Number of protein chains: 2
Amino acid sequence: MTNKIENRKSEIIRIAAKLFKEKGYSAVTMRDLAAEMGIKAASLYNHIRSKEDILNTIIISIAEAFTDGMKLIKASNDNCKEKLRQIIELHVRLSSQNIYGMASLNNDWMHLQNQQEYYKVLRANYENDFRKILEEGITSGDLINVKPEVMLFSILTTLRSLYLWIPKKEDLDLQELSETLYQILVEGINK
Amino acid sequence: MTNKIENRKSEIIRIAAKLFKEKGYSAVTMRDLAAEMGIKAASLYNHIRSKEDILNTIIISIAEAFTDGMKLIKASNDNCKEKLRQIIELHVRLSSQNIYGMASLNNDWMHLQNQQEYYKVLRANYENDFRKILEEGITSGDLINVKPEVMLFSILTTLRSLYLWIPKKEDLDLQELSETLYQILVEGINK
DNA sequence: GTCTATAGCCAGATAGAC
DNA sequence: GTCTATCTGGCTATAGAC
């Protein structure tokens with residue numbers, strides 16, 4: 001019984017995320033979502049508490065997956081560039097696993113209510129961990145000495161935008177994509 | 001007379017863009033906008049035709065500025081890397097001049113109605129011009145031989161996200177930012 | 001678990017006074 | 001150029017039948 005409810009809820013979450021990616025959270029109505037599910041809007045409320053409940057589930061689960069991934073990378077004894085490679089792989093993997101949800105994570109977090117502060121803490125911690133890895137690389141001489149803040153946002157915005165173009169390249173091998181990205185982001189495009 | 005109307009309209013556009021950046025086009029109401037202007041919602045309609053009219057003005061003017069900038073860069077006889085430098089400068093300049101509008105350009109174009117096809121053509125042409133510059137660089141041996149599509153989106157998503165973090169670094173010199181970005185995006189961060 | 005019906009509210013936009 | 005008043009319709013969410 002509980003399983004059936006959970007499955008139906010998962011389906012709602014999945015389809016909602018797809019619609020949120022196309023039009024943004026605010027522009028998607030419960031009627032839109034219900035129509036895409038083949039049911040009436042009122043029926044949705046047997047599975048979810050509110051529209052915001054859906055957004056919470058989408059965003060927080062992905063944000064926590066990134067936090068968990070970063071925790072493992074931090075804990076390793078690898079050097080800066082190896083950690084960078086693992087971060088790139090983390091983004092490629094999570095983005096390809098949840099292309100639709102990544103759109104909400106990037107663009108609709110401001111519509112969170114109860115969980116917005118929690119989301120902001122997760123995001124700030126993630127960025128701080130990332131920045132520290134870059135700073136260690138600069139200190140150790142592995143990376144060039146430019147402002148870590150610019151370096152961080154240059155790399156991170158590319159990784160955060162992966163969801164926008166991964167779907168266009170379905171033939172793309174994910175491991176190959178990670179390696180190409182590592183090459184471009186770390187080694188540069190200059191020959 | 002016409003000037004006064006235009007000035008008031010410009011003010012509406014400017015404040016609307018700021019609100020659109022904070023919450024997205026769909027979540028901003030005409031009452032929100034009017035309150036921020038210190039007038040009533042009905043009064044807005046003496047200056048603009050509709051809510052969508054505001055979004056059109058914001059997005060199309062910036063999109064055309066990018067198209068114009070790219071046209072100049074294309075027409076020059078500079079080599080690939082010099083063109084890349086100019087593209088980076090174009091993005092830094094236009095993003096810093098219109099931080100709020102860039103958010104709508106990136107995130108709310110799907111809410112355009114009459115002008116959506118025109119916007120898509122401008123964007124596709126811009127990406128094609130950019131891609132050709134990268135492909136020329138690969139052919140001439142100036143750039144490494146990785147898929148131009150990945151190269152394009154890696155660089156372009158960083159440039160398109162500039163509006164997200166330029167405001168946080170008000171002390172940043174724009175010419176210095178362009179140079180740092182060129183270094184990171186072209187030369188890489190590896191020492 | 002889905003339905004119809006509807007409550008309660010808020011949206012974009014217009015009419016017409018001042 | 002801004003106001004008040006209002007139209008029309010769409011929104012989230014609930015109640016209760018099946």
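Remember, predicted model here, so these are calculated numbers, not experimental data. Naming convention: chains lettered A, B, ... in sequence-line order (proteins, then strands); numbering from 1 in each chain.
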N/O to N/O distances under 3.5 Å, protein versus nucleotides 3-6 of chain D:
from: D/dC3; atom 1: OP2; to: B/Lys40; atom 2: N; distance (Å): 2.4
from: D/dC3; atom 1: OP2; to: B/Ser43; atom 2: OG; distance (Å): 2.9

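- Side chains of B/Glu64 and B/Tyr119: a donor-acceptor N/O pair is absent below 3.5 angstrom, by distance only.
- Residue B/Val121 is not grouped with residue B/Ile60 when hydrophobic side chains (ILVMFWY) are merged at heavy-atom distances under 4.5 angstrom, including chains of intermediate members.
- With rounding to whole Å, B/His111 atom NE2 is found 12 Å from C/dG12 atom P.
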Enumerate donor-acceptor pairs with a distance under 3.5 Å from any side-chain N or O in residues 152-161 of chain A to protein atoms, sequence neighbours excluded.
from: A/Thr157; atom 1: OG1; to: A/Phe153; atom 2: O; distance (Å): 2.7
from: A/Thr157; atom 1: OG1; to: A/Ser154; atom 2: O; distance (Å): 3.3
from: A/Thr158; atom 1: OG1; to: A/Ser154; atom 2: O; distance (Å): 3.3
from: A/Thr158; atom 1: OG1; to: B/Ser154; atom 2: O; distance (Å): 2.9
from: A/Thr158; atom 1: OG1; to: B/Thr158; atom 2: OG1; distance (Å): 2.7
from: A/Arg160; atom 1: NH1; to: A/Glu127; atom 2: OE2; distance (Å): 3.3
from: A/Arg160; atom 1: NH2; to: A/Glu127; atom 2: OE2; distance (Å): 2.9
from: A/Ser161; atom 1: OG; to: A/Thr157; atom 2: O; distance (Å): 2.8

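- A salt bridge is absent between B/Arg14 and B/Glu36: the closest approach of a Lys/Arg side-chain nitrogen to an acidic carboxylate oxygen does not fall below 4.0 angstrom.
- Put simply, NZ on A/Lys51 is 12 Å from C1' on D/dG10, counting in whole angstrom units.
- Listed pair B/Tyr45 / C/dA13 meets the phosphate criterion, a side-chain N or O lying under 4.0 Å from OP1 or OP2.
- No more than 12 heavy atoms of other residues, nucleotides or ligands lie within 6.0 Å of OH in A/Tyr100, so this atom counts as exposed by the packing criterion.
- Note: CE (B/Met30) to P (C/dC10) measures 18 Å, nearest angstrom.
- In this structure, B/Ile48 places its CD1 atom 7 Å from P of C/dA13, rounding to the nearest Å.
- Between the CG atom of A/Leu55 and the P atom of D/dT12 there is a distance of 13 Å, rounded to whole Å.
- For the pair B/Glu52 CD and C/dA11 C1', the computed distance is 16 Å after rounding to whole Å.
- Note: B/Tyr25 and B/Phe20 have perpendicular aromatic rings, judged against thresholds of 30 and 60 degrees for the angle between ring planes.
- The CD1-C1' distance, from A/Ile54 to D/dT12, rounds to 11 Å in whole Å.
- Between the C1' atom of D/dG1 and the CE atom of B/Met37 lies a distance of 11 Å, rounded to the nearest Å.
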